[in-house]
Enquirer: 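Handing you this structure, nothing more for now.
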Amino acid sequence: MLWYKSWLETRWRFVIGLGLLMLSAASTVVVYPQVVKLLPMASNVDLSGEIGRRVAESVELSRDYRGYVWSQWFRQNMTQLWTLFAVLLGTGGLLAQSAGGGALFTLSLPVSRNRLLGVRAATGLAELLVLAFIPSLLIAVLSPTVGQTYGAGNTLVHGACMFIGGAVFFSLAFLLSTVFSDVWRPLLIVLCVAIMLALSGHVFPDLARYSLFRVMSAEVYFRGGGLPCLVLTASTAVSVAMLYAATRNIARQDF
Amino acid sequence: MADSFIIETDELRKNYGPVEAVRGLNLQVPAGSICGFLGRNGAGKTTTIKVLLGMARPTSGHVRVFGLAAEAQQASVDIRRRTGFVSDDKDLYGYMTVEEMVRFTAAFFPRWRADLQQRYLRTFELPLDRKVKALSGGMRTKLALLLALCRGAELLILDEPTSGLDPAMNEEVLRALVAHVASEEMTIFFSSHQIAEVDQIADRVVIIHRGRTVVTGALEDLRENFRRIQLVFDGEAPEPALRAPGIERVWRQGRVLTILSSAGAERILDEARPLNPVSVDVVPVTLKEIFLETVLTED
């Protein structure tokens, strides 16, 4: 029944996230014919600097459907939205419920705090797993409607990288939710961290190769470099460490 | 520690940073008793209850419930499996309906009493399909009580169970509690500000003040032993050096000397007679007076 409770607590965040991601995935596919029409015009536009370079790169990638999907969906829309919902699903929990949310009732149940937190984390991660795969699979399903194909295998690899890399944001929000008793501070701190990570890739291009967002978008895999197993393992280790720290933190809390 | 005590604390201390919430509390609640836990706001009642249930960890001292150490994680889970609890805030999950809340709670207690669940749903007239957040304060208290009573628990810990209720609902809840105890074998430990309701249903009382026990015992014994002795003199009342046991408070006002005793009046009267009072009056003391006198004396 703890699963059911966790589901009830997070279901709206999950459903809204799933809806937005599916809408975004569908629109990515549907607008592709218009993008193709605009591509010849884009070659006449002369943009300089980092923005120009990125636009030119996107234009080049969009000449091929797989490149377009990666550039628009996996690297941009999905990464941004998924990160936001990873943070949202990571916030809340026992400490946030200590003021009017039934935390004392929960703690009066014959369940250890480790189990309470474990179920809460597992529910959030399961929801994130769905958010990582289902909208991307929608791209594979809808692609024939615009005369293209996109392999389901590709979506699974990208979904796995998105989930494993992005779980770091979830875990950080989860950990901070065992420190702060409101949902806003963990949310804002992790979003600030995410924005700073994204900006650091632009400000320090040499660091971009270590960017978490690069792991999430599976750029190395897209460019034919195989799976970044080492980085994925490191991300998993960081997430596990933060989730463990969260359980230790709650175990020593007084309510 | 004796097995006959369901709850036992020994020099329990709990600090929140520099604040000493509980300061060496000694508590013994015998099996099968209905123990009222009285104290002023901030006396340490809720903190003590949280320590008993593993929600807060003691700074020092020992806490045993059912003979199990409350600060040990697994033991605490076992304690909670055998205990029903109503918190002072009565906060439940606002997003669940009454039915979901009952089903959710029942799943954690193998000895859940479905028969009592049906009975209390009828008695308390709880609407199954209504969200908890849409219930009135009184209805939420009744639901919290139902969820505690149906656990098949051996111990009920209630923190201000009737706070915020109107007199009619207060009476209804108390009657339900008394009827429950009459039909089930269990121990009840409940905190309250309402001395009248402690007087009404408790057979034992613990009064704490500033984190320490100041009065403890069977209510009948307290009623029997606590006496107010009033001595009136011809002139100014003397300042006697009384050595009889149980003198809680002595105060003089003009010709009148008043003594509050927790050990009857006989020994004090024996000592006071040589002072030649013109009149002697011995009156029993109510629980309210015991509470006020002991707490005020401590202040």
Enquirer: Considering only heavy atoms, which portion of A/Tyr4 lies under 4.5 Å from any heavy atom of chain B: side chain, backbone, both, or neither?
Expert: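 Just its side chain gets close to chain B.
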
Enquirer: Of all the heavy-atom pairs spanning B/Phe109 and A/Pro110, show the shortest one and how long it is.
Expert: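 The answer is CZ-CD, 3.4 Å.
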
Enquirer: Is it the case that atom OH in A/Tyr244 sees more than 12 heavy atoms from other parts of the structure closer than 6.0 Å?
Expert: no

Enquirer: Measure centre to centre between the rings of B/Tyr93 and A/Phe105, then say whether the value is under 6.0 Å.
Expert: yes

Enquirer: Pick from B/Val132, B/Ile157, B/Thr105, B/Asp78: which one has the most heavy-atom pairs with chain A under 4.5 Å?
Expert: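 Ranked by heavy-atom pairs under 4.5 Å with chain A, first place is B/Thr105.
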
Enquirer: Any idea which of B/Val86, B/Leu92, B/Leu53 has the most non-hydrogen atom pairs under 4.5 angstrom with chain A?
Expert: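 Between B/Val86, B/Leu92, B/Leu53, the count favours B/Leu92.
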
Enquirer: Any non-hydrogen side-chain atom of A/Asp254 less than 4.5 Å from a side-chain atom of B/Lys50?
Expert: no

Enquirer: Nearest 0.5 angstrom please: A/Ser108 OG to B/Leu147 CG, how far?
Expert: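 Here the rounded value is 9.0 Å.
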
Enquirer: Would you give the length of the straight line joining atom CG of A/Leu109 to atom OG1 of B/Thr83, rounded to the nearest 0.5 angstrom?
Expert: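 Nearest 0.5 Å value for the CG-OG1 distance: 12.0 Å.
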
Enquirer: Is it the side chain or the backbone of B/Arg82 that comes within 4.5 Å of chain A heavy atoms, both, or neither?
Expert: neither

Enquirer: Is it the case that atom CZ in A/Arg11 sees more than 12 heavy atoms from other parts of the structure closer than 6.0 Å?
Expert: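 More than 12 heavy atoms, drawn from other residues, nucleotides or ligands, come within 6.0 Å of this atom.
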
Enquirer: What residues of residues 113-131 of chain A make heavy-atom contacts with chain B at a cutoff under 4.5 angstrom?
Expert: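 If one takes a 4.5 Å heavy-atom cut-off, the residues of residues 113-131 of chain A near chain B are A/Arg113, A/Asn114.
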
Enquirer: To the nearest 0.5 Å, what is the distance between CZ (B/Phe85) and CG (A/Leu104)?
Expert: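 These two atoms lie 5.5 Å from each other.
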
Enquirer: Between B/Arg57 and A/Arg252, what is the shortest heavy-atom contact and its length?
Expert: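 Distance-wise, the nearest heavy atoms are NH2-CB, 3.6 Å.
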
Enquirer: Heavy-atom distances under 4.5 Å only: say whether B/Lys14 touches chain A with side chain, backbone, both or neither.
Expert: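 Only the side chain of B/Lys14 comes within 4.5 Å of chain A.
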
Enquirer: Return the CE to CD distance between B/Met55 and A/Gln253, rounded to the nearest 0.5 Å.
Expert: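 Here the interatomic distance stands at 14.5 Å.
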
Enquirer: How long is the gap from CD on B/Glu100 to NZ on A/Lys5, to the nearest 0.5 Å?
Expert: 13.0 Å

Enquirer: Within a reach of under 6.0 Å around CG of A/Leu230, are more than 12 heavy atoms found that belong to other residues, nucleotides or ligands?
Expert: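 Open.
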
Enquirer: How long is the span from the OG1 atom in A/Thr106 to the CZ atom in B/Phe104, to the nearest 0.5 Å?
Expert: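 Nearest 0.5 Å value for the OG1-CZ distance: 6.0 Å.
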
Enquirer: Give me the atom names and distance for the closest heavy-atom approach of B/Met96 to A/Leu8.
Expert: CG-CD1, 3.8 Å

Enquirer: Decide if atom CH2 of A/Trp3 counts as having more than 12 heavy atoms of other residues, nucleotides or ligands within a radius under 6.0 Å.
Expert: yes

